[in-house]
Amino acid sequence: MPKALVIGAGPAGMLAAVQLKRSGFETDLADPSPGSGLRTRPQSGHVHLLQPATLALITRWLPQLSAHTNPQLCRTTFDQLLWTLSLQYIDSVHTARIKSVIFRGNKVLVHAAGQIKEYNLLIDASGAARATAGSVARQCNTALPLDSGPASGDYATLKLTNLSEETRQIIAVRDNDSGYGALLQHAGNGRGLLTLQAPVEERPPEDLTTALRVLRGFADARPWAACHKSRALGRTVIFRGRPATRLALEQVTDLPANWLPMGDCLLTTQPYLGQGFEQLTEHVVLLEQGLAEGRSCRQIRNQLVHRARQRWWNATWRDAMQACALS
């Protein structure tokens, strides 16, 4: 039985592990965070909006998820559900940090916790950390080229109570005049989460009073109407905006044949209130199709890189157009 190692216990890593196990791989998962999927990440305090097609894909891979989620969800809950439901597809979980990775022919030698383990395939789903990029660069004897785009604005999420019960659906708004984005999720009983994305170089609101002042200026009055009588629960969570980056692997020759970067490891785009799930599920679909059709790792990676390049140009072109519109 071939063996695969997935690095990263985020959504991309967990869903990749599901595909590998179903394709006959003995599948290990490596993540240095104890508890991994049960440990909340910085972005986990935010509301995320899943497109129906994206949610349909994820629930096709993990049917049990349909009983727990809907297009509006708390990322913390979603990560925990993914972790719990995907564990059945993982043979072993390693929490020790990986000291080195050596690509030798059709094998991958991974050194961690004082042991060296041998795998047939390594998937790096470690996000922007790109845990294996250094090892791959040494293998190729060249630095891996990285395209960098502009950073997105920072985010602030507030837990609210006493929300208006008149509007119970998701409210997702981007205000062209202020440059702010807002996403409101009702959780029932007057409670919910409000996430605001500030314009680039502007600090997002850190308290409800300031947040309401921002919402008051929106052309779309729905967020203000839903929140103007609310009260904050706990502290505001700030999530720093990140630049869009892409591993331009089409420029590199002699990449290890059994190395696959997926998710944010390959392409980090601006989050835009959580809609990056569409990107990572696209990667998982390409992995699923490639394994089902018997394609080589190199062929699957070429497809991933090609699609990442298309998404990169779409994202950076959109960023440029928005900058022109706001200037």
Side-chain angles (χ1 to χ4, degrees), residues 1-44 79-80 82-144 146 245 247 249 252 254-268 280 283-284 287 291 296-298 300-301 304:
M1 177 183 292
K3 295 183 66 175
L5 175 67
V6 178
I7 300 177
M14 301 305 288
L15 292 173
V18 172
Q19 304 306 325
L20 290 168
K21 188 64 178 178
R22 287 178 172 169
S23 298
F25 281 81
E26 181 181 335
T27 305
D28 289 357
L29 177 78
D31 191 301
S33 307
S36 298
L38 296 177
R39 173 182 174 272
T40 58
R41 291 164 168 77
Q43 70 269 33
S44 296
D79 276 2
Q80 292 174 350
L82 272 183
W83 171 258
T84 302
L85 297 176
S86 301
L87 271 180
Q88 61 183 303
Y89 298 95
I90 297 170
D91 295 287
S92 181
V93 177
H94 307 287
T95 58
R97 288 194 176 276
I98 294 174
K99 292 188 175 181
S100 65
V101 175
I102 300 172
F103 298 92
R104 186 173 295 167
N106 62 348
K107 302 291 184 183
V108 185
L109 304 180
V110 179
H111 181 200
Q115 295 181 322
I116 295 179
K117 292 197 171 185
E118 187 178 281
Y119 295 93
N120 304 98
L121 173 63
L122 188 150
I123 289 183
D124 190 339
S126 63
R130 298 185 167 104
T132 60
S135 298
V136 173
R138 287 190 291 273
Q139 170 89 10
C140 302
N141 198 30
T142 182
L144 298 186
L146 190 68
T245 59
L247 285 176
L249 298 178
V252 184
D254 300 324
L255 285 167
N258 42 11
W259 174 70
L260 278 180
M262 292 182 61
D264 282 354
C265 177
L266 178 60
L267 173 65
T268 302
L280 75 87
H283 291 180
V284 177
L287 175 65
L291 292 172
S296 68
C297 175
R298 194 185 302 274
I300 297 173
R301 184 177 62 228
L304 289 169

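Quantities reported herein were computed from a predicted structural model and do not represent experimental measurements. Just the heavy atoms: all of them, side chains too, but no hydrogens, waters or symmetry mates, feed the values below.
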(request) Taking the side chain as every heavy atom from C-beta outward, state whether Val6 and Ile90 have any pair of such atoms under 4.5 Å apart. (result) no
(message) Does any part of the side chain of Ile123, heavy atoms only, come nearer than 4.5 Å to the side chain of Leu287, both counted from C-beta?
(response) yes
(request) Calculate, to the nearest 0.5 Å, the distance between atoms NE2 and CG belonging to His283 and Leu15 respectively. (result) 12.5 Å
(message) Tell me the closest heavy-atom pair linking Asn258 and Asn120, and the distance in Å.
(response) CB-O, 3.2 Å
(request) Answer yes or no: are there more than 12 heavy-atom neighbours, outside Lys107 itself, under 6.0 Å from its atom NZ? (result) yes
(request) Considering non-hydrogen atoms only, spot the tightest contact between Val18 and Ser86 and give its length. (result) CG2-OG, 3.9 Å
(request) Could you check if a side-chain atom of Trp259 sits within less than 4.5 angstrom of a side-chain atom of Leu249, using non-hydrogen atoms only? (result) yes
(request) Apply side chain to side chain contact (heavy atoms under 4.5 Å, CB included) to Thr27 and Tyr89, showing your working. (result) CA-CA 7 Å; Thr27 305; Tyr89 298 95; over 6 Å; no
(request) For residues Pro11 and Asp79, determine if any side-chain heavy atom of one lies less than 4.5 Å from a side-chain heavy atom of the other. (result) yes
(message) In the structure I gave you, are the side-chain heavy atoms of Leu267 and Leu247 within less than 4.5 Å of one another anywhere?
(response) no
(message) With rounding to the nearest 0.5 angstrom, report the CZ to CG distance, Arg130 to Leu144.
(response) 9.5 Å
(message) Checking Val136 against Phe103 for the side chain to side chain contact (heavy atoms under 4.5 Å, CB included) test, could you report, in this order, the C-alpha distance in whole Å, the side-chain angles of both residues, the deciding distance, and whether it holds?
(response) CA-CA 8 Å; Val136 173; Phe103 298 92; 3.8 Å; yes
(message) Could you report the tightest heavy-atom contact between Pro256 and Gln139, atom names first, then the distance?
(response) CG-CG, 3.7 Å
(message) If you compare all heavy atoms of Pro2 against all heavy atoms of Gly24, which two are closest, and at what distance to 0.1 Å?
(response) CD-O, 3.7 Å
(message) Looking at every non-hydrogen atom in both residues, tell me the closest pair between Ser126 and Ala131 and how far apart they are.
(response) OG-N, 2.9 Å
(request) Taking the side chain as every heavy atom from C-beta outward, state whether Arg301 and Pro261 have any atom pair closer than 4.5 Å. (result) yes
(message) So if I apply the side chain to side chain contact (heavy atoms under 4.5 Å, CB included) rule between Thr132 and each of Leu5, Asp124, Ile98, which one comes out positive?
(response) Asp124
(request) State, yes or no, whether a side-chain contact exists between Cys297 and Leu260 at a heavy-atom distance under 4.5 Å. (result) yes
(request) Measure the CG-CG distance between Leu280 and Leu266 for me, rounded to the nearest 0.5 Å. (result) 12.0 Å
(message) Would you compute the distance between atom NZ of Lys117 and atom OG of Ser92 and round it to the nearest 0.5 angstrom?
(response) 5.0 Å
(request) Rounded to the nearest 0.5 Å, what's the gap from CD on Gln19 to CG on Leu291? Could you check? (result) 7.5 Å
(request) Write out all pairs satisfying salt bridge (Lys or Arg N to Asp or Glu O under 4.0 Å) with one or both partners inside residues 7-29, taking only residues at least two apart or from two chains. (result) Lys21-Asp91
(message) With rounding to the nearest 0.5 angstrom, report the CE to CZ distance, Met1 to Phe25.
(response) 10.5 Å
(request) Kindly give the heavy-atom pair with the smallest separation between Leu29 and Met14, and that separation in Å. (result) CD2-SD, 3.8 Å
(request) Please test Val108 against Val101 for side chain to side chain contact (heavy atoms under 4.5 Å, CB included), starting from the C-alpha separation and ending with a verdict. (result) CA-CA 7 Å; Val108 185; Val101 175; 3.6 Å; yes
(request) Begin from the C-alpha positions of Asp254 and Asn141 and carry the test side chain to side chain contact (heavy atoms under 4.5 Å, CB included) through to its verdict. (result) CA-CA 9 Å; Asp254 300 324; Asn141 198 30; over 6 Å; no
